[in-house]
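To start, the structure under review is shown below, and the notes come after it.
The shown structure was predicted, so the numbers you read here are calculated from the model rather than taken from an experiment.
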Amino acid sequence: MAGEIPDLVALERTGTGKGAARQARRNGMVPGVVFGGDEAPIAIQIPFNVLLKKLKAGKFKSTLWNLKIEGREDVRVICRDVQRDVVKDLPTHLDLMRLRRTSRINLHIPVEFINEETAPGIKKGGVLTVVRADIELMVTAGDIPEKIVIDLTGKEIHDSITISDVDLPAGAQPTIDRDFVIATISAPSGLLASGGDEEEAEE
């Protein structure tokens, strides 16, 4: 839920322009700006190592962050751009946009499968093959689901779970306008390799 929004801690940066940005980089910081909403833009800086670690973790630009700046109220932001050094491919600047609780945004929401151990197809040796570990949804910033839960009760070998099978949270809708597959229950690899049923039929 919204309480699971990760923190992004930044420092307010004095001065603007290329000179101030260069000084921030010399100090081991990545300069940035926070814009949008009803407030004026704020110049910020984030420790280089902290930002690089978050970027390497993936999905930085599709994550909603709780921006914490000392002396200011926390605000929800989403990254609109990360500028990188053309040679080293390391971050040199970032742009963060403020969001209201009513803002609609696209985010990747992780998928969690339940009752896998009781699914008939799994009991028969089938394997759950996850096609999408997360689903991109359009959601309201003030009501972001922590995860999408998919119940595998009753699922057999060769069954597929598509987005139309999922009960999405109120107000959430997929960004892909078709009934895409999230996971399937595949036949055991040994059965596929041997031809299994076909060989038995021939005998």
For the [atom1] atom of [X] and the [atom2] atom of [Y], what is their distance to the nearest 0.5 Å?
X     : Y     : atom1 : atom2 : answer
Asp74 : Leu67 : CG    : CG    : 7.5 Å
Leu64 : Arg76 : CG    : CZ    : 6.5 Å
Leu8  : Ile69 : CG    : CD1   : 9.0 Å
Thr63 : Ile5  : OG1   : CD1   : 10.5 Å

Only counting residues at least two apart or in another chain, list the ones meeting side-chain hydrogen bond (donor to acceptor under 3.5 Å, both in side chains) with [X].
X      : answer
Arg84  : none
Asp151 : Asn115, Thr153
Arg100 : Asp38
Arg22  : none

- Arg98 (side chain) donor-acceptor with Glu39 (main chain) under 3.5 angstrom: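 Present.
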- Side chain of Arg13, backbone of Gly32: donor and acceptor closer than 3.5 Å?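 Yes.
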- Message: Tell me every residue that passes salt bridge (Lys or Arg N to Asp or Glu O under 4.0 Å) with Arg104, counting only those two or more places apart in sequence or in another chain.
- Response: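 Residues passing salt bridge (Lys or Arg N to Asp or Glu O under 4.0 Å) with Arg104: none at all.
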- Message: Among residues at least two apart in sequence or on other chains, which ones pass salt bridge (Lys or Arg N to Asp or Glu O under 4.0 Å) with Lys61?
- Response: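 So Lys61 forms no salt bridge (Lys or Arg N to Asp or Glu O under 4.0 Å) with any residue.
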- Is there any ring pair (Phe, Tyr, Trp, His ring centres under 6.0 Å) pair reaching into residues 86-132, and which pairs are they, with sequence neighbours excluded?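 For residues 86-132: none.
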- Message: Per the ring pair (Phe, Tyr, Trp, His ring centres under 6.0 Å) rule, what does the pair list look like for residues 52-83, sequence neighbours excluded?
- Response: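 Sorted result for residues 52-83: Phe60-Trp65.
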Any side-chain heavy-atom pair of [X] and [Y] under 4.5 Å:
X      : Y      : answer
Ile161 : Leu152 : yes
Leu107 : Ile78  : yes
Asp95  : Val33  : yes
Ile105 : Val139 : yes

- Item | Working for side chain to side chain contact (heavy atoms under 4.5 Å, CB included), residues Arg132 and Ile176 | CA-CA 13 Å; Arg132 294 175 184 268; Ile176 300 175; 3.6 Å; yes
- For residues 110-126, which residue pairs qualify under salt bridge (charged side-chain N to carboxylate O under 4.0 Å, His left out), counting only residues two or more places apart or in two chains?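 Every salt bridge (charged side-chain N to carboxylate O under 4.0 Å, His left out) pair that includes a residue of residues 110-126, provided the two are not neighbours, is Glu112-Lys147, Lys124-Glu156.
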- Message: Other residues, nucleotides and ligands only: do more than 12 of their heavy atoms fall within 6.0 Å of CG on Asp85?
- Response: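 Yes, the 6.0 Å shell around CG holds more than 12 heavy atoms from other groups.
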Which pair of heavy atoms, one from [X] and one from [Y], lies closest together, and at what distance?
X      : Y      : answer
Val30  : Thr92  : CG1-C, 3.7 Å
Val82  : Pro91  : CG1-CB, 4.0 Å
Val149 : Ile114 : CG1-CD1, 3.7 Å
Pro188 : Gly125 : CG-O, 3.2 Å

- Task: Give the cluster check for Ile150 versus Val130: same hydrophobic cluster or not, with ILVMFWY residues linked at side-chain heavy-atom distances below 4.5 Å.
- Result: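 Cluster IDs for Ile150 and Val130 match.
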- Message: Assigning hydrophobic clusters by single linkage (Ile, Leu, Val, Met, Phe, Trp, Tyr; side-chain heavy-atom cutoff under 4.5 Å), is Ile144 placed with Leu137?
- Response: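 Yes, Ile144 connects to Leu137 through the hydrophobic network.
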N/O donor-acceptor pairs under 3.5 Å from side chains in residues 41-54, not counting sequence neighbours:
none

- Item | Under 4.5 Å side-chain linkage, directly or through intermediates, the cluster mates of Val86 |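 Val87, which link up through side-chain heavy atoms under 4.5 Å apart, make up the rest of the cluster.
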- Query: Hey, mind stepping through Ile109 and Ile135 against side chain to side chain contact (heavy atoms under 4.5 Å, CB included) and telling me if it holds?
  - Reply: CA-CA 5 Å; Ile109 307 298; Ile135 304 171; 5.5 Å; no
Output side-chain donor-acceptor pairs under 3.5 Å for residues 165-174, partner residues at least two apart or in another chain, one line each.
from, atom 1, to, atom 2, distance (Å)
Asp165, OD2, Thr162, N, 2.9
Asp165, OD2, Thr162, OG1, 3.3

